[in-house]
> 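Take a look at the following structure, please.
Every chain is numbered from 1 and lettered A, B, ... according to where its sequence line falls, protein lines coming before strand lines. Bear in mind the structure is a predicted one, so any value in this text is a computation, not a measurement.
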Protein chains: 2
Amino acid sequence: MRRMTARPANAHQARLLRLLRDGGPNSRAQLGDQVDLSRSKLAVEVDRLLETGLVIADGLAASRGGRRSHNIRLAPELRFLGVDIGATSVDVAVTNAELEVLGHITQPMDVRDGPVAVFEQVLAMAAKLKASGLAEGFDGAGIGVPGPVRFPEGVPVAPPIMPGWDGFPVREALSQDLGCPVMVDNDVNLMAMGEQHAGVARSVHDFLCVKIGTGIGCGIVVGSEVYRGTTGSAGDIGHIQVDPDGRPCACGNKGCLEAHFSGSALARDAEEAAQDGRSPELAGRLEAAGALTGADVAAAAAAGDPTALELIREGGNRTGQVIAGLVSFFNPGLVVIGGGVTGLGHNLLAAIRTQVYRQSLPLATGNLPIVLGELGPVAGVIGAARLISDHLFSPA
Amino acid sequence: MRRMTARPANAHQARLLRLLRDGGPNSRAQLGDQVDLSRSKLAVEVDRLLETGLVIADGLAASRGGRRSHNIRLAPELRFLGVDIGATSVDVAVTNAELEVLGHITQPMDVRDGPVAVFEQVLAMAAKLKASGLAEGFDGAGIGVPGPVRFPEGVPVAPPIMPGWDGFPVREALSQDLGCPVMVDNDVNLMAMGEQHAGVARSVHDFLCVKIGTGIGCGIVVGSEVYRGTTGSAGDIGHIQVDPDGRPCACGNKGCLEAHFSGSALARDAEEAAQDGRSPELAGRLEAAGALTGADVAAAAAAGDPTALELIREGGNRTGQVIAGLVSFFNPGLVVIGGGVTGLGHNLLAAIRTQVYRQSLPLATGNLPIVLGELGPVAGVIGAARLISDHLFSPA
DNA sequence: ACAACTTTCTCCACCCCCAGGACAAAGCCG
DNA sequence: CGGCTTTGTCCTGGGGGTGGAGAAAGTTGT
């Protein structure tokens, strides 16, 4: 089937498309309530959108006490591809135009294999989703990569954990391969956009989204828009120093947050504790699996292992210390914690909260929720779909 | 003389007024180059502005190779009042509509005397400026206060160093007393706006402005707009912890940046060093003046006193440590250092730079200038004038 | 001094956007 | 079945805005 190539012709049309994306099917009258346009004008723009095929008529809406109105919705055959490239795994998902996830695949992977190998795998996953009948093609794709990105060009820059990606024209290459528009962003920013669109951050305009996975990053949302910084490296909090005499970090400094707490640091600490005999629980798991991950620590903690709990508490303290500083500085309306280690759950959250509430001033923390992300692994792919839809649903 | 009460009727007029404010007198043709409107439309809007009296014709411009054009400028009798309330002093200045400072008074003061006493003094200073013939009245006033402000209402909230100000309706009260529109903001934000308008931050869209005075604060500019946070306390970095086992702070915590380095902490450290006999230079100054200030430390350092130098270096390190974290997080295009202690000058700056460049990642620091503010004490009052002019030069 | 070219500015015809009223269609309620 | 409400369409008129024609005012070259 031919893909949609139309784009909104003006800001009104873009506005309407976003309303339909975020609010689902809507009647003309309901749309009219939200956009502050005359009925005539609204009708004209809706008719034009219908002509382009981006939206379709979709039966009658329930009556609101008078004549029933005709529903309008985004074309149901529109498809977005959301790709979330992590350090050790890839998530690929298909969504409709309302950003509902229709299909989702996760596969292990190693970013260090380089962009060519990774995108080969991503394209195969996308093909698989197509083959399963979820899509006949894609109208746009959003890609998240675990490192800083020069956003306008869609090119990773100096990514510490992904050598070989520096300067690789991700946007251009994938746009070619997929035959559709592509936008690229940092994975943490996409997680923030995902939680904003469909998760805990709905209706919050300024918030932080801390992702603790293999590394640690932070999505910054200002006025409902992602802030990326001058060179695209904003939110790179993994290398903030938490201890002047702390552990050496891969970046060359000492005492970076990431060196003390992150998916990989936690795994290493856990293995050490297992080998030292400090935790029989962890030792058992190490013997069974050959290596430990954050999930093992979470399980051990759930089983009541005091060493595992202590590791989590310690990491939460360190993270909370950094977040406390960011809260004082940024005064967000919400802090979302997400990423691989969210399995550590409320133990981690409690430690972070304690530290933040103790260290930041009451005015900043007074009404500040600190919560776990509610979308888990789909936050990234939804954010990716939202990224490209924001791009496509904007005036040409 | 009657004050101007007109306001721009639409976004185009607002745009033109700001161009004239920031670029000085301009010909219609030059304006046309900047606004992307047809000549006809531009002429209409300019004519309307002329009718309101907000702008006036101002002779002929130099030829650009053809017919000479008629210059347009903001009405020369427009006056803004800029007020910068510090912890221990007040700055009051008059500017014209182009935000050029026509007159400037500084007086010692104590915020702890409360808003009523302070504003009595401010009004007297404003009257003095009027009496000297610089203004016949004010078309608007911007006020900076040393603490967080609920911006839309112009009311200080929970200001730690100014008890008695909490909830005082500054905006409303001054608007009444001065008989003109008033806007209120944090003093640090105004300093940032001042440096952006007329100082080192021209042409930078995302930057941080760290003000080290009695306390320490940080103005945050995102996309050329001041970011204030959800409760107006963004940039309150004085109570970020720099040492878990550090000095007790007035806020109740330990190891806050402000407890280790700020105007007051530095003065205390200097007096201690003088009494301990560690620095004859400082001891001499203490005996002469009865108390020490940041300026004394600066003078001692300039005279080569090693203890004073060490105090500055130590403070710079501490500040740099915090800024390094903020740089990683925010990825600004510029960091401006200002406030009372700028007298410490390049010794301080060098210490901060060293720390930041060492601790932050190359991508964020690669092209990051860290500089002293170039406006000194007028940054605040210019920022205040800019605040109210931004308000007045926006569509009604 | 004069012609040719540039730039600036005004005037005007025309188009499009859009608001808002009139009116018809469709449904609810008693 | 008759009012009342909501929805959708049509139409008219006003305001915003573009772009061309042409006059006014200068500069440059010969």
> Go through B:V149 and B:R228 one step at a time and tell me if the side chain to side chain contact (heavy atoms under 4.5 Å, CB included) criterion holds.
CA-CA 9 Å; B:V149 171; B:R228 300 185 172 86; over 6 Å; no
> Would you mind listing every salt bridge (charged side-chain N to carboxylate O under 4.0 Å, His left out) that reaches into residues 380-394 of chain B, with sequence neighbours excluded?
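Checked against salt bridge (charged side-chain N to carboxylate O under 4.0 Å, His left out) - neighbours excluded - the pairs reaching residues 380-394 of chain B are B:R18-B:D390, B:R21-B:D390, B:R386-B:D390.
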> Does atom CG (B:N367) have a neighbourhood of more than 12 heavy atoms from anything else shown, all under 6.0 Å?
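No - once you tally the heavy atoms of other residues, nucleotides and ligands closer than 6.0 Å, there are 12 at most.
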> If you restrict it to nitrogen or oxygen atoms, what contacts under 3.5 Å exist between nucleotides 25-27 of chain D and the protein, and what is each distance?
| unit_1 | atom_1 | unit_2 | atom_2 | d |
| --- | --- | --- | --- | --- |
| D:dG26 | O4' | B:G66 | O | 3.3 |

> Report the distance from atom CD of A:E45 to atom C1' of C:dC16, rounded to the nearest whole Å.
12 Å
> Treating a pair as Watson-Crick (purine N1 to pyrimidine N3 plus N6-O4 or O6-N4) or G-U wobble (N1-O2 and O6-N3) with both distances under 3.5 Å, list the stems of 3 or more consecutive pairs that involve DNA chain D.
C:1-30 with D:1-30
> State, with a plain yes or no, whether a side-chain heavy atom of B:L16 is found less than 4.5 Å away from one of B:L42.
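They are in side-chain contact.
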> Got a sec, which residues hit salt bridge (charged side-chain N to carboxylate O under 4.0 Å, His left out) with A:R48, two or more places apart in sequence or on another chain?
A:E45
> Rounded to the nearest angstrom, tell me the gap between atom CD1 in A:I72 and atom P in D:dT7.
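So the CD1-P distance, A:I72 to D:dT7, works out to 14 Å.
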> Is a donor on one side and an acceptor on the other found under 3.5 Å between the side chain of B:Y227 and the backbone of A:G223?
no
> Could you walk me through whether A:V101 and A:I382 satisfy the side chain to side chain contact (heavy atoms under 4.5 Å, CB included) test, starting with their C-alpha distance in whole Å, then the side-chain angles of each, then the deciding distance to 0.1 Å, before giving a yes or no?
CA-CA 7 Å; A:V101 175; A:I382 292 181; 3.8 Å; yes
> Yes or no on side chain to side chain contact (heavy atoms under 4.5 Å, CB included) for B:S69 and B:R28, after CA distance, side-chain angles and deciding distance?
CA-CA 7 Å; B:S69 74; B:R28 286 165 142 88; 5.8 Å; no
> Could you tell me the separation between the CG atom of B:N96 and the CZ atom of B:F80, rounded to the nearest 0.5 Å?
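Interatomic distance, B:N96 CG to B:F80 CZ, rounded to 0.5 Å: 9.0 Å.
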> Taking DNA chain D as the partner, which of residues 8-16 of chain B come within under 4.0 angstrom of it by heavy atom?
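Those residues whose heavy atoms fall under 4.0 Å from DNA chain D, taken from residues 8-16 of chain B in numerical order, are B:H12.
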> To the nearest 0.5 angstrom, please state how far the CE atom of B:M183 sits from the OG atom of B:S389.
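Atom-to-atom, B:M183:CE and B:S389:OG are 10.5 Å apart.
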> Flag yes if more than 12 heavy atoms outside A:E225 fall under 6.0 Å of its CD atom; otherwise flag no.
no
> In residues 28-43 of chain B, which residues come under 4.0 Å of DNA chain C by heavy atom?
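By residue number: B:R28, B:A29, B:R39, B:S40.
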> Count the heavy atoms of every other residue, nucleotide or ligand shown that sit under 6.0 Å from CD of A:Q34, and state whether that count exceeds 12.
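Atom CD in A:Q34 is packed in, count exceeds 12.
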> Is a side-chain donor or acceptor of B:E195 paired with a backbone partner of B:E374 at a separation under 3.5 angstrom?
yes
